[in-house]
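To start, the structure under review is shown below, and the notes come after it.
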Amino acid sequence: MPRGLMLNDADCGFCMRTARLVPRLGVDVDASTVQAADLAALGVDPVRAVVEMPYVHPDGRVDYGHRAFAAILRTGPLPWRAVGRVMTAPGVDAVARRTYAWVAANRHRLPGGTAACELQQ
């Protein structure tokens with residue numbers, strides 16, 4: 001795979017809105033939805049994929065959640081590449097993980113979100 005692959009939940013308006021905005025950052029990734037991708041072939045956990053955005057690196061490694069978003073940003077130009085590095089730096093990584101978890105848990109309340117975006121607890 002020559003480029004990484006960002007996967008989003010097609011059933012979530014917030015996720016799809018975010019997916020439309022990310023390319024504007026100048027990142028070098030392809031995008032698809034969790035529902036349209038062959039998750040098994042990509043090595044993506046299907047349960048985790050609807051809770052945390054997966055990113056499949058060109059070498060086949062898979063990151064989820066804040067680490068996925070950081071990896072996507074690292075494919076772009078400055079300042080996004082630097083932001084992606086900082087997001088996984090010691091001390092910041094835990095804050096970024098909790099922030100991502102809060103956003104995921106509340107995505108139905110965020111811009112573009114609908115009741116269909118709500119994660120089942």
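Positions are given from 1 along the sequence. Predicted, not measured: the structure shown is a model, and the values here were computed from it.
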List the atom pairs, with distances to 0.1 Å, where a side-chain N or O of residues 15-25 and a protein N or O form a donor-acceptor pair under 3.5 Å, not counting sequence neighbours.
unit_1	atom_1	unit_2	atom_2	d
Thr18	OG1	Phe14	O	2.9
Arg20	NH1	Met16	O	3.4

Polar contact flag, side-chain donor to acceptor under 3.5 angstrom, Glu118-Asn106: no

Between [X] and [Y], what is the shortest heavy-atom contact and its length?
| X | Y | value |
| --- | --- | --- |
| Val34 | Ala49 | CG2-O, 3.8 Å |
| Ala37 | Leu42 | CB-CD1, 3.9 Å |
| Gln35 | Asn8 | OE1-O, 3.8 Å |
| Gly43 | Val62 | O-CG2, 3.7 Å |

Heavy atoms of other groups near Arg85 CZ, more than 12 under 6.0 Å: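 For Arg85, atom CZ is not crowded (no more than 12 foreign heavy atoms under 6.0 Å).
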
Less than 3.5 Å apart, which donor and acceptor atoms pair up between the side chains of residues 64-79 and the rest of the protein, not counting sequence neighbours?
unit_1	atom_1	unit_2	atom_2	d
Tyr64	OH	Asp45	N	2.8
His66	NE2	Asp93	OD1	2.9
Arg67	NH2	Asp93	OD1	3.0
Arg67	NH2	Asp93	OD2	3.4
Arg74	NH1	Gly84	O	3.3
Thr75	OG1	Asp28	N	3.0
Thr75	OG1	Ile72	O	2.7

Measuring only between side-chain heavy atoms, which start at C-beta, is [X] closer than 4.5 Å to [Y]?
| X | Y | answer |
| --- | --- | --- |
| Arg98 | Val95 | yes |
| Val29 | Tyr55 | yes |
| Tyr100 | Met53 | yes |
| Cys12 | Arg107 | yes |

Distance (rounded to the nearest 0.5 Å) between Met6 CE and Asp30 CG: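 These two atoms lie 9.5 Å from each other.
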
CA sep, side-chain torsions, deciding dist, call: Thr33, Asp9, side-chain contact (heavy atoms from CB on, under 4.5 Å): CA-CA 6 Å; Thr33 64; Asp9 183 355; over 6 Å; no

